[in-house]
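Here's the structure we're looking at; comments come further down.
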Amino acid sequence: MNKYDSGKIEKKWQKYWQQKKIFQAKDFSKSAGQQTKKYVLVEFPYPSGEGLHMGHLRPYVAGDVYSRFKRMQGHNVMYPIGWDAFGLPAENFAIKHGVHPSVSTAKNIKNAKRQIQSWGLSFDWSREINTTDPNYYKWTQWIFLQFFKAGLAYEATGMINWCPKDKTGLANEEVIDGKCERCGSIVEKKELRQWYLKITAYAEKLLEGLKTLDWPDRVKVQQENWIGKSIGAEIDFAISQPRVRRFVILHGRASTSKDNFYPWLKKELEASGFEIQALDMPGKGEPDDLEQAKFVMKNCMLDENTVVIGHSFGGVVALRLLEQGMKLNKVILVATPFSGKFLDGKQRVSVSKAVQKGFDFGKIKNSCQNFTLLYGTNDPVVPLSDGEEFSRLLNVNLTKIQSSGPHFQSKEEPEVFKACLPSLKVFTTRPDTIFGATYMVVAPEHPIIRNLESGIRNYEEVQKYVEKAKKESEIQRTSLEKEKTGVELKGIKAVNPATGEEIPVWVADYVLWGYGTGAIMAVPAHDGRDFEFAKKFGLPIKSVIEYNPSPHKGREIPGNTAEPSPLMRGDVASASEATERLQSAAIDYGILINSGKFTGMKSEEAIPKMAAEFGKLTVQYKLRDWVFSRQRYWGEPIPIIHCEKCGIVPVPEKDLPVKLPPVKKYEPTGTGESPLAAISNWVNVKCPECKEPAKRETNTMPQWAGSSWYWLRYTDPGDKKIFADKKKQKYWTPVDVYFGGMEHTTLHLLYSRFWNLFLYDQGLVTAKEPFAQRKPHGIVLAADGEKMSKSRGNVVNPDDIVKSQGADTLRMYEMFLGPHELSVSWNDQGVVGIRRFLDRVWVWTNEQFKNKKIERLKDSEKVERVLHKLIKKVTEDLEEQRFNTAIASFMEFHNEIKQEPVSLKTIKTFLTLLYPFAPHIAEELNQMLGGKKSLQLEAWPKYDPAKVVEQTAEVVVQVNGRVRGKVSVPAGSGEDAVKAEALKQDAVAKQIAGIGIKRVIYVKDKLINLVI
RNA sequence: GCCCAGGUGGCGGAACUGGUAUACGCAACAGACUUAAAAUCUGUCGCCCGCAAGGGAUUGAGGGUUCGAUUCCCUCCCUGGGCACCA
């Protein structure tokens, strides 16, 4: 008998599988006996210099075992692999050693491929992909352009997360605990021009889709929390602003100062104590905006305390005023046209002329920082898209409303009046507490601080606070131990719309600019944070909710004995409901008090009513748009050209891919520009539209771009015409099982779902959701229970195990360690247990085979029963991916029958079952037994339910629920027979002696319980 | 603070819808083989009392439902993960 030489056997079979192309998945295959397709996916690796590690092995083996099993069941299985090869390590290596990333990447891929093959994984190599291959990233760029064309890829300047070590911007998802996901540096804030993908537009769809997925709850919940939906109300609080004295109304081109809403508006504003000016403008018909602007400057009192309302063409004039350097407090644009093309089909020469002259929006924003844009959803003349253009150029929100009359021309337009009064919009999930709002807080970044500069008496102090807050990192600002800080905006008061009372306005960094409206109504009696702040600064606290009188331990707030404890916890039952409908940070529902006509209502009832009364119901998400540009070299170039004249121009599809040019220096500049910016002959191009000189976008895409659609490419890896043929997609997608790590839940998995949902909406993808089932795996920890890491020196290299014990042992041990979804600790000593088992299988098979009679041998009843039990157990465990217990059952089987002679057929069946786990040894032994083809081509064994059944049953005898004995009875015996048998037992009789049996509980073939 | 997952021998872990808790493996101990060791094979092996037969307690803690609870319910503790001044 040969020794079990795992190294030799494994190489032999790996070569065999490759040559016979056993694992190639054929598109549309419907050959005889083949069932449905199965698309089994694992996260493709980043080929790093260190090679693949245990973290890769675990999901890959799981996917492999499952794939081999499913193929044998007759499924057409696709189990593909590729390389996610863009990324920083290769680039950093290039910086250090001057080796081009593509060179080191190719080398690393070669090594990783060698490793994967040595593990005996049944990947279909004919579908191998590489994200850094121009033929691949061509389509990554192409998809980006689809986002761009749909308006979901946009450029904006904003405060973004910046990693000072990697010298690049980061997405929100890449910041973990205020640190860079990749290198652990503390993330800074930096104002930069960036590309964004509008993932927020898909927030609701991403949430909805989750419901349809067969994913573990913990994964779904994590995505849900990340998207962070809360329903609440937006409420305007009026701001009294003593410095604004004067309103100037500029009417549209075909009207006069007496027309439209002007007389009514004048009356309203005068009643509020303002001075109004409204001129009849020169040049009717097709007026000239510059001429009108000069006329206004000459005839109106204009200064930094003036608000200008421009209706229609009047808005154009207002913008011209600003461009001329006129400083104004605020400009309200009402249905102001931009394009010159009107909805009634007419071209307005005056507007076209003004647009052609060009507005310098830099100058305009310099002159005034406070704009309101009002657009009518029912405007028959000026299109909403004009408003959107202004919104983009001025970087302010667009207010879309239904005007009372067409084009805001009715005699009264209340929305216009409302826009005239400065106000502060807040978002709250608890509008029912509005009567308790005793002050307001804005985030340090809130523009209202600049806008009300002239009205803020302590502006210097405020400014100092704002500057300090902006300098602090996210970690410092959101640190929990930190005491609340803030400064009152003196001279500014807000009006609580519920009580009519004037309340102070503060700036404080506990209010975040990134969420909601960046401003809150503070209800210190019912919000922990507001309470803390109010205590510190001595602000009034007013209780408006009475909690259900409940004996639960309320948390008494020290020093607040006068008021009923504001944070008294209410009824517990409401807590879980709250997450369902409305999320609440710190407060529970109760009965309203001190709340005018709402007093006595329950919170649940009051919330929608009060939201409608004082504002409107809205939805907020924590999800932010995806910062999609990186200031680094080794990534997909963003296929955009910047032209002075035509603006942002997408690279025409025929010019894709935009290839990475060779560079000498890979160092990131750190200034927020990519190293590509220095390659002038690459940067300078002709504008595809006007053919004038233009410049390429030099930012590249983030790591996650290539992996956001790679599973689609596997279905059609070589296609030159399209990213993935729709027929092939339709056959293969969605992915049936996706093995991978928990760490990708709010990164890769979220991004991929977003891309897929978008492409689905574009009609480019056939499956709405990309991954039907997700199987996350636990981390493989080192023997000491810590994470494996080089610095700890506790890393187990899979290559070493392959060398010493063999790939089959490595695979099986990895699976045997524990449940696939839980973290497990590697144990060097444990590995030998599996190797011993395989050794025994080797010896046992050889010895059985030596038995000359094996050909004619018939199995005993016991062997048959044990075998069929094994088939049942392994099949069921594999379906549920319970690999560890399946392996245990092989050992049990072996322990039970190792002394018995077994038939050839039984050994073969055993090897067939073992094949997915330990394919090399199974193939070798099967061949030794005379098998002519790969076990992969055998049908998966089926068990006979009749043979699984035991003839005799061991029934446990309990007395009062305690085990007192055991009886052997024929399977299926009735209660009386078992009871009689049980009473014969000494131990049982002893317990019962002298006491009558009150009751008997009998579970067939399992247990009899005598109650005395 | 909130949300998930989990807590079972010396260790990794089993236990189906409430029905023999500790399968399987590791480690440990004893024996066989050997000049010896390793390897291999055979056996023992959760804890306490007992020579034994047998008995008792036991699945993080406490309580409850039940003939019977690792499993269901309540309260609490601990570990891991996620979110976090998100209004």
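Just the heavy atoms: all of them, side chains too, but no hydrogens, waters or symmetry mates, feed the values below. Each chain gets a letter, A, B and so on, in the order its sequence line appears, and its residues count up from 1.
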*With a 3.5 Å cut-off and no angle check, do the side chains of Thr746(A) and Glu173(A) form a donor-acceptor pair?*
no
*Taking Ser823(A) for its side chain and Ile779(A) for its backbone only, find out whether a donor-acceptor pair lies under 3.5 Å.*
yes
*Between rA23(B), rU42(B), rA27(B), spot the one nearest the side chain of Ala888(A), thanks.*
rA23(B)
*asked:* Both distances below 3.5 Å, Watson-Crick or wobble geometry, any strand: find the nucleotide opposite rA30(B).
replied: rU42(B)
_rU17(B) pairs with, by Watson-Crick or G-U criteria that keep both distances under 3.5 Å_ = none
*asked:* As a test of reading the structure: which of rC16(B), rU20(B), rA84(B) is closest to the side chain of Lys1006(A), going by heavy atoms?
replied: rC16(B)
_Please pick, from rA87(B), rG55(B), rC85(B), the nucleotide with the shortest atom-to-atom distance to any side-chain atom of Arg964(A)._
rG55(B)
*So does Asn225(A) get a side-chain nitrogen or oxygen closer than 4.0 Å to the phosphate oxygens (OP1/OP2) of rA84(B)?*
no
_Nucleotide nearest Phe816(A) when distance is taken to its side chain, options rA87(B), rU20(B), rG12(B)_ = rG12(B)
*Between the side-chain atoms of Lys622(A) and the base atoms of rC83(B), is any donor-acceptor pair under 3.5 Å?*
no
*Can a side chain N or O of Arg430(A) be found less than 4.0 Å away from OP1 or OP2 on rA87(B)?*
no
*asked:* Using whole Å, what does the distance between atom C1' of nucleotide rA14(B) and atom NE2 of His820(A) come to?
replied: 18 Å
*Provide the Watson-Crick or G-U wobble partner of rU22(B), both distances under 3.5 Å; none if there is no partner.*
none
*Between atom CD of Gln958(A) and atom CG of Leu1010(A), what is the distance when rounded to the nearest 0.5 Å?*
9.0 Å
*Reckon Arg836(A) has a side-chain N or O less than 4.0 Å from the OP1 or OP2 of rA27(B)?*
yes
_Could you tell me how far rG7(B) sits from rU58(B) if I compare only their C1' atoms? Round to whole Å._
15 Å
*Which nucleotide in the set rC24(B), rG68(B), rA21(B) lies at the smallest distance from any side-chain heavy atom of Asn1009(A)?*
rG68(B)
*asked:* Looking only at the side chain of Gln222(A) (C-beta and beyond, no hydrogens), which of the listed nucleotides rG82(B), rC26(B), rC4(B) gets closest?
replied: rG82(B)
*Is rC76(B) paired to anything, Watson-Crick or G-U wobble with both distances less than 3.5 Å, and if yes, which nucleotide?*
rG60(B)
_Options rA27(B), rG19(B), rA14(B), nucleotide nearest the side-chain atoms of Val1003(A)_ = rG19(B)
*May I ask you to say what Thr428(A) touches in the nucleic acid, namely base, sugar-phosphate or nothing, with a heavy-atom cut-off under 4.0 Å?*
sugar-phosphate
*Which listed nucleotide (rU42(B), rA23(B), rA57(B)) is nearest to the side chain of Glu892(A)?*
rA23(B)
*Using both distances under 3.5 Å as the test, list the Watson-Crick or G-U wobble partner of rC83(B), or none.*
rG1(B)
_Is it true that Tyr510(A) and Asp530(A) share a donor-acceptor pair across their side chains at a distance under 3.5 Å?_
yes
*Ignoring the backbone of Thr885(A), work out which of rC26(B), rC4(B), rA14(B) is nearest its side chain.*
rA14(B)
*asked:* Quiz question: by atom type and distance under 3.5 Å, do the side chains of Gln620(A) and Lys229(A) form a donor-acceptor pair?
replied: no
